[in-house]
Amino acid sequence: MADNRDIDHHSGVETTGHEWDGLKELNNPLPRWWVLVFWATIIWSVAYWVVYPSWPMLPGADRSADYVKGIWGVSERAQAMAGVAADKAAQSKFTDQIAKMSLKEINASPELLKFSAVAGRMAFLNNCAGCHGSGAQGGPGYANLNDDNWLWGGTLDEIQQTILYGIRNGADQARGGGSTAGMPERASVLKPDQINDVAEYVLSLSKKSADAAASARGKALFSGDGGCTACHGDDGKGNKDLGSANLTTGIFQWGGAKADIVKTIAEGRAGVMPAWAGKLEPTAVKELAVYIHSLGGGK
Ligand code: HEC
Ligand code: HEC
């Protein structure tokens with residue numbers, strides 16, 4: 001058999017027979033390290049198949065059995081669940097106490113207060129921030145929880161009550177007691193210039209009115225035809241049973257510009273908050289109450 005191998009004259013190495021414009025490709029062996037790595041990866045992959053989950057099987061009723069588990073039986077889900085259980089166990093040191101203690105006792109314990117601040121903050125971000133803002137600063141129509149101005153009361157128990165049952169959501173235990181009514185519209189009772197005057201008076205309650213004459217006319221309407229004192233009190237300081245705002249603080253959930261106040265009076269306002277009893281663990285509600293109370297001057 002004729003030897004038709006082509007040997008390169010300069011290097012003495014056999015060529016592959018490929019040639020481009022007189023350049024020939026030498027058929028050098030692969031470097032040894034490369035071949036070793038190549039075999040190592042093959043051996044690795046075979047070993048991996050054996051010890052780790054690798055092959056899918058036909059899906060059956062039992063989803064946990066529709067793959068080959070490998071001899072080590074590794075499961076990331078099981079690892080995650082074990083992590084959660086370990087976290088729960090570590091936290092139970094605190095949550096077991098929180099479950100048993102009153103809000104006052106929790107608030108008085110520096111350790112539990114610190115834990116509640118972190119756990120309450122997490123629960124807040126997950127459940128409340130959508131309406132109240134990530135900094136609990138609120139927004140038009142959504143209560144600011146950082147100030148010490150409370151529509152429904154700022155004691156630990158009052159805050160817990162608000163969180164448990166919500167506000168004006170129609171449930172009997174909710175703030176508003178089964179009613180969804182809030183501030184009624186007054187456009188059917190007052191004429192636009194009267195609404196303007198009464199808005200001026202509301203501004204004067206926090207020393208923000210620039211029109212003394214209009215404010216004086218508004219004062220008469222506030223206790224007279226406007227019927228405002230029935231809910232906001234003679235002094236305008238509101239009533240926590242009704243959630244009627246204290247109008248003397250200069251803090252306005254629905255906006256403190258003259259135009260906002262005119263709109264509030266003309267059209268009425270009714271903030272609604274869902275209940276959290278049954279949705280959050282009782283300990284989470286307690287942590288939230290203590291956390292919210294700590295934010296901005298709870299009572
Ligand atoms: C769907 C929107 C919404 C969500 C979610 C929500 N809130 Fe509220 N919350 C409101 C509104 C609106 C008000 C103001 C109601 C009013 O005008 O009387 C309010 C008021 C409050 C008040 C009373 C403030 C006061 O001045 O008395 C507290 C306390 C409160 N929210 C806590 C929470 C906590 C804690 C969560 C999460 C577990 C939460 N809220 C989730 C809408 C919401
Ligand atoms: C039937 C009870 C009721 C009457 C009457 C009433 N209010 Fe209100 N008012 C409320 C309630 C409740 C709120 C809180 C609404 C909310 O936050 O959801 C409120 C809120 C307000 C606010 C908004 C406060 C804020 O934080 O932004 C203003 C301003 C106001 N009332 C002014 C008046 C004036 C002026 C009158 C009379 C013309 C009047 N109200 C009559 C119950 C009443």
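Just so you know, ligand 1 is whichever comes first in the structure, and atom 1 is the first atom listed for that ligand. Everything numeric in this text was worked out from a predicted model, so none of it was measured.
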(message) Any non-hydrogen side-chain atom of Val272 less than 4.5 Å from a side-chain atom of Ile167?
(response) no
(message) Determine whether the aromatic ring centres of residues Trp72 and Tyr52 are separated by less than 6.0 angstrom.
(response) yes
(message) Could you tell me, atom by atom, which parts of ligand 1 come under 4.0 Å of a heavy atom of Trp150?
(response) 24 (C), 25 (C), 26 (O), 27 (O)
(request) Name the closest protein heavy atom to atom 1 (C) of ligand 2, giving the residue it belongs to and the distance to 0.1 Å. (result) Cys231 SG, 2.7 Å
(message) Below 4.0 Å, non-hydrogen atoms only: which portion of Leu247 touches ligand 2? Side chain, backbone, both or neither.
(response) side chain
(request) With atom 12 (C) of ligand 1 as the reference point, say which of Ser244, Ala245, Gly141 has the nearest heavy atom. (result) Gly141
(request) Considering heavy atoms of the protein only, find what lies nearest to atom 15 (C) of ligand 2 and give residue, atom and distance to 0.1 Å. (result) Arg269 O, 3.7 Å
(request) Please write down residue, atom name and distance for the protein heavy atom closest to atom 17 (O) of ligand 2. (result) Trp254 NE1, 3.0 Å
(request) Pull out every atom of ligand 2 sitting under 4.0 Å from any heavy atom of Gly227, numbered as shown with elements. (result) 5 (C)
(request) Supply the atom-to-atom distance Asp211 CG to Asp197 CG, rounded to the nearest 0.5 angstrom. (result) 7.5 Å
(message) Any N/O/S atom from His232 (main chain or side chain) under 2.8 Å of atom 8 (Fe) of ligand 2?
(response) yes
(request) For the residue pair Thr180 and Arg168, confirm or rule out a side-chain donor-acceptor distance under 3.5 Å. (result) no
(request) Pull out every atom of ligand 2 sitting under 4.0 Å from any heavy atom of Val202, numbered as shown with elements. (result) 35 (C)
(request) With heavy atoms of Gly226 as the reference, note each atom of ligand 2 found under 4.0 Å away. (result) 37 (C), 38 (C)
(request) Heavy-atom contacts with Gln253 under 4.0 Å: which atoms of ligand 1 show up? List them by number with element. (result) 14 (C), 16 (C), 17 (O)
(request) Decide whether Asn127 and Lys279 meet the rule of one side-chain donor and one side-chain acceptor closer than 3.5 Å. (result) no
(message) Return the CD to CZ distance between Glu14 and Arg5, rounded to the nearest 0.5 Å.
(response) 5.0 Å
(request) Report, in ascending order of atom number, the atoms of ligand 1 lying under 4.0 Å from any heavy atom of Leu288. (result) 38 (C)
(message) Tell me the contacting part of Ala181 for ligand 2: side chain, backbone, both, or neither, using a 4.0 Å heavy-atom threshold, strictly below.
(response) neither
(request) Please state whether the rings of His132 and Tyr142 are parallel, tilted or perpendicular, taking 30° and 60° as the class boundaries. (result) perpendicular
(message) For atom 23 (C) of ligand 2, what is the closest protein heavy atom, and at what distance to 0.1 Å?
(response) Thr264 CG2, 3.6 Å
(request) List the atom of Asp66, the atom of Leu58, and the distance in Å for their closest heavy-atom pair. (result) CB-O, 3.8 Å
(request) Work out whether the distance between some heavy atom of Gly130 and some atom of ligand 1 is less than 4.0 Å. (result) no
(request) Please verify whether a non-hydrogen atom of Gly243 lies at under 4.0 Å from ligand 2. (result) yes
(request) Classify the contact between Asp260 and ligand 2 as side chain, backbone, both or neither, using a heavy-atom distance cut-off of under 4.0 Å. (result) neither
(request) Would you name the heavy atoms of Ala199 and Lys258 that are closest together and state the gap between them? (result) CB-CE, 4.1 Å
(request) Have a look at ligand 2 and work out which part of Met183, if any, has a heavy atom under 4.0 Å from it: side chain, backbone, both or neither. (result) both
(message) Can you name the atoms of ligand 1, numbered from 1 with element, that are less than 4.0 Å from a heavy atom of Arg168?
(response) 16 (C), 17 (O), 18 (O)
(message) Restricting to non-hydrogen atoms, name the atom on Glu287 and the atom on Ala119 that form the minimum distance, rounded to 0.1 Å.
(response) OE1-CB, 3.2 Å
(message) How far is atom 27 (O) of ligand 1 from the closest protein heavy atom, and which atom is that?
(response) Trp152 N, 2.9 Å
(request) Report the nearest protein non-hydrogen atom to atom 34 (C) of ligand 2: residue, atom name, distance rounded to 0.1 Å. (result) Cys228 SG, 3.4 Å
(message) Would you say that Thr16 contacts Leu26 through its side chain, given a criterion of any heavy-atom pair below 4.5 Å between the two side chains?
(response) no
(request) Would you mind telling me which of Ile98, Thr95, Leu156 makes a side-chain contact (heavy atoms from CB on, under 4.5 Å) with Lys286? (result) Ile98
(request) Give a yes or no on whether the backbone of Thr264 and the side-chain of Glu267 come within a donor-acceptor separation of less than 3.5 Å. (result) no
(request) Verify side chain to side chain donor-acceptor pair (under 3.5 Å) between Thr248 and Asn246, making sure each step is shown before the conclusion. (result) CA-CA 6 Å; Thr248 67; Asn246 180 343; 2.7 Å; yes
(request) Using a 4.0 Å heavy-atom cut-off, say whether Pro274 meets ligand 1 through its side chain, its backbone, both or neither. (result) side chain
Return a table of donor-acceptor pairs under 3.5 angstrom between the side chains of residues 186-195 and protein atoms on other chains or two or more places apart.
unit_1, atom_1, unit_2, atom_2, d
Arg186, NH1, Gly226, O, 2.7
Ser188, OG, Glu185, OE1, 3.4
Ser188, OG, Glu185, OE2, 2.6
Gln194, OE1, Lys191, N, 2.8

(request) Please check if any side-chain donor atom of Tyr165 sits under 3.5 Å from a side-chain acceptor atom of Arg175, or the reverse. (result) no
(request) Only protein N/O/S atoms count here: give how many lie under 2.8 Å from atom 8 (Fe) of ligand 1. (result) 2
(request) List the closest protein heavy-atom neighbour of atom 18 (O) of ligand 2: residue, atom name, distance to the nearest 0.1 Å. (result) Gly271 N, 2.8 Å
(message) I want to confirm something. Looking only at heavy atoms, which of Asn127, Leu280, Leu151 is nearest to atom 5 (C) of ligand 1?
(response) Asn127
(message) Under a 3.5 Å cutoff, is there a donor and acceptor pairing between the side chains of Asp8 and Ser11?
(response) yes
(request) Please work out which of the three classes, parallel, tilted or perpendicular, describes the rings of Phe38 and Trp34, given edges at 30° and 60°. (result) parallel
(message) Using a strict threshold of under 4.0 Å (side-chain N to carboxylate O), is an ion pair present between Arg217 and Glu200?
(response) no
(message) As a check for students: among Val272, Asn246, Asn144, Asn169, identify the option with a heavy atom nearest to atom 11 (C) of ligand 1.
(response) Val272
(message) Suppose I only count heavy atoms of Leu242 and a 4.0 Å limit; which atoms of ligand 2 are within that range?
(response) 12 (C)
